Amino acid sequence: MKSSFSLAAVAGCLLACACGQEPAVTDRSPAEPVIDAMRMAVLRQAVLDNGFVRSAALRVRVDPAKREVGRLLFESRNMSLDGTISCQDCHLDQFGSTDGNANAVGAGAKGEGPGRMADSEHRILPRNVLPFWGRGSKGFNTFFWDGKVTVANGKIVSQFGDSAPSTDPMIVAAHLPSVELREMIEDSSKIRQAYVTESVGAAATIQKKLAAHFAADKSIGPRLYKAFRLPPDRIAFIHIADALSSFIRDEFRIRPTRLEHFVYDNGAISKQELAGGILFYGRGKCSTCHNGPYFTDFQFHAVAFPQAGFGKNGFGVDEGRYNVTHNPFDRFLFRTPPLFNVTKTAPYSHSGSVARLEDAIIAHFDPLRFADPGKMTLRERADLLERLGPASREPLPASLSDDEVRAIAAFLAMLDFEKNLGPHR
């Protein structure tokens with residue numbers, strides 16, 4: 001990208017001025033004042049050139065009444081057909097709005113966070129829980145690891161085809177978890193016989209039942225009627241999804257970070273964070289994909305992360321975007337994840353196979369560090385080879401030292417929200 005090359009050139013010049021080499025990234029002592037100020041100016045400009053804006057500019061205001069009923073829906077296990085799981089069970093504050101597990105554990109399991117794994121038989125999902133930060137805020141219109149809900153040429157593209165229930169992609173996305181097998185519906189022969197079909201009709205049947213449950217709920221029902229100004233018999237799942245979206249939009253909105261204060265208010269930055277920022281926008285090429293106001297291009301890319309779990313395609317394979325488009329060029333591609341609060345949302349990757357943020361960075365340029373071919377099955381080695389192909393065609397960063405990786409991780413920590421917000425504040 002133009003901004004990346006520009007930053008690399010300027011940063012290289014600055015480093016040459018500083019006796020020809022970059023200071024160790026673990027050294028937090030002040031750099032030479034003039035050089036330090038110049039490098040900070042370069043970093044601020046690079047952040048802005050790559051689309052960063054103040055958090056307040058991304059906020060979508062919501063109806064307070066819809067938000068409040070949405071909070072109750074988010075916490076209610078009646079969001080699932082058999083009443084065994086709520087949205088909140090997989091999106092917890094203490095894990096940065098995820099569940100802290102590699103693979104999600106769906107309907108029927110008990111416990112919280114990693115504790116759900118003890119009751120995970122037949123309930124493990126093939127992918128890692130996505131954090132909610134920024135979902136449905138301004139410009140955030142592509143959802144899920146494989147982008148199965150997105151906007152293209154002004155139209156919503158989703159599993160609903162031409163029958164999308166709303167013109168708001170966030171509301172469309174909010175329709176899907178409630179009818180996802182294993183996620184919010186237990187996978188049983190009875191359920192498969194009654195509801196697993198090739199049309200959206202079965203999903204509509206399930207969601208009609210859920211809407212009726214909430215309309216009849218003594219606590220939630222009256223709030224629904226008031227928020228949407230409708231009588232009980234007019235409440236439909238579109239209103240459930242609308243209220244839920246209102247809560248998620250507001251509860252998980254982007255908030256001020258240290259990076260925002262550094263860029264806009266001349267806030268402080270450590271020597272290590274500064275070095276990491278220069279690498280992020282320069283030689284590391286991170287901003288090629290992690291750009292824009294949410295640090296994602298909302299496009300689909302391949303990184304040869306280790307695969308954990310059985311995978312969306314079974315047998316330890318997940319073909320990512322291909323499962324949505326059936327385009328062979330989309331095999332093993334996943335949506336670039338946003339980076340707000342990234343230090344709090346471990347484990348990482350679509351299958352949660354990477355425990356440390358530093359290792360997630362390393363996997364972009366040295367994925368073989370995590371492979372032990374001698375301990376892999378033939379199938380696993382074949383799968384790794386297939387994933388390495390698409391990954392090798394990405395704009396790979398230069399090889400980075402461990403100190404440089406730690407510096408990038410330190411810079412990314414500047415994207416953590418400044419305040420630890422309590423539950424549903």
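A quick note: this is a predicted structure, and the numbers were derived from the prediction, not measured.
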Pairwise side-chain contact, Phe140 with Pro169, heavy-atom cut-off 4.5 Å (strictly under): no
Note, Val179 side chain near Phe237 side chain (heavy atom, < 4.5 Å): no
Minimum heavy-atom distance between Glu186 and Leu181, given as atom pair plus value: O-CD1, 4.2 Å
Basic-acidic side-chain contact under 4.0 Å: Glu273, Arg258: yes
Check ion pair Glu260-Arg255 (N to O, under 4.0 angstrom): no
Min side-chain heavy-atom separation Thr257-Met414 under 4.5 Å: no
Test item: Ser166 side-chain N/O and Val172 main-chain N/O as donor-acceptor pair under 3.5 Å: no
Plane angle bin for Phe74 and His91 - parallel if under 30°, tilted between 30 and 60°, otherwise perpendicular: tilted
Note: Asp146-Arg335 ion pair, threshold 4.0 Å (strictly below): no
Arg369: partners by side-chain hydrogen bond (donor to acceptor under 3.5 Å, both in side chains), with sequence neighbours left out: Asp366, Asp402
Donor-acceptor under 3.5 Å (Arg135 side chain, Met170 main chain): no
Glu180 bridged to Lys148 by N-O distance under 4.0 Å: yes
Atom of Asp318, atom of Gly311 and distance for their closest heavy-atom approach: CB-CA, 4.3 Å
Worked check of side chain to side chain contact (heavy atoms under 4.5 Å, CB included) between Phe214 and Ile235: CA-CA 9 Å; Phe214 284 124; Ile235 295 296; 5.9 Å; no
Parallel, tilted or perpendicular, as decided by the 30° and 60° cut-offs, for the rings of Phe247 and Phe252: perpendicular
Ring centroid separation Trp133 to Tyr294 under 6.0 Å: no
Value rounded to 0.5 Å, distance of CG in Asp99 from CZ in Arg116: 7.5 Å
Any donor-acceptor pair under 3.5 Å from Asn291 side chain to Ser287 backbone: yes
Donor-acceptor pairs under 3.5 angstrom involving side-chain atoms of residues 298-309: please list them, not counting sequence neighbours.
residue: His301; atom: ND1; partner: Glu394; partner atom: OE1; Å: 2.9
residue: His301; atom: NE2; partner: Asp297; partner atom: OD2; Å: 2.8
residue: Gln307; atom: OE1; partner: His350; partner atom: NE2; Å: 2.9

Closest non-hydrogen atom pair between Pro397 and Phe365, with its separation: CG-CB, 3.6 Å
Leu415 side, atom CG; His290 side, atom NE2 - distance, nearest 0.5 Å: 11.0 Å
Residues Asp250 and Arg67 bridged, charged N to O under 4.0 Å: yes
Side-chain touch Thr98/Cys90, heavy atoms, less than 4.5 angstrom: no
Asp217 side chain to Ile220 backbone, donor-acceptor under 3.5 Å: yes
4.5 Å side-chain heavy-atom contact, Val105 and Ser120: yes
Test log, rule side-chain hydrogen bond (donor to acceptor under 3.5 Å, both in side chains), inputs Thr343 and Asp416: CA-CA 7 Å; Thr343 70; Asp416 288 353; 2.4 Å; yes
Derivation and outcome, side chain to side chain contact (heavy atoms under 4.5 Å, CB included), residues Ser178 and Gln207: CA-CA 7 Å; Ser178 66; Gln207 290 173 340; 3.1 Å; yes
Salt bridge present between Glu75 and Arg71 (N-O < 4.0 angstrom): yes
Side-chain heavy atoms of Val151 within contact of Lys155, under 4.5 Å: no
Atom of Ser137, atom of Arg253 and distance for their closest heavy-atom approach: OG-CA, 4.4 Å
Full working for side chain to side chain contact (heavy atoms under 4.5 Å, CB included) between Phe143 and Leu130: CA-CA 10 Å; Phe143 299 86; Leu130 281 162; over 6 Å; no
Glu386 with Arg331: basic N within carboxylate O range, under 4.0 Å: yes
Intermediate values then yes/no, side chain to side chain contact (heavy atoms under 4.5 Å, CB included), Val342 and Leu357: CA-CA 8 Å; Val342 69; Leu357 179 58; 4.0 Å; yes
Side chains of Cys286 and Ile408 in contact at under 4.5 Å (non-hydrogen atoms): yes
Short side-chain to backbone donor-acceptor contact, Arg381 and Met376, under 3.5 Å: yes
Spatial distance of atom OG (Ser246) from atom CZ (Arg249) [nearest 0.5 Å]: 7.0 Å
Distance (rounded to the nearest 0.5 Å) between Phe411 CZ and Phe262 CZ: 8.0 Å
Under 3.5 Å donor-acceptor, Trp145 side chain and Thr336 backbone: no
Approximate separation, where rounding is to 0.5 Å, of Arg229 CZ and Leu224 CG: 13.5 Å
Any donor-acceptor N or O pair under 3.5 Å, side chains Asn313, Asn323: yes
Over all atoms of both residues, closest heavy-atom pair of Pro293 and Leu58: CB-CD2, 3.7 Å
Residues Asp63 and Lys66 bridged, charged N to O under 4.0 Å: no
Leu396 side, atom CG; His364 side, atom NE2 - distance, nearest 0.5 Å: 10.0 Å
Exam field: side chain Arg59 to backbone Ile254, donor-acceptor pair closer than 3.5 Å: no
Asp49 side chain reached by Tyr281 side chain, heavy atoms, under 4.5 Å: no
Nearest atoms (heavy-atom pairs only) where Met79 meets Leu210: O-CD1, 3.4 Å
Note: Asp383-Arg379 ion pair, threshold 4.0 Å (strictly below): no
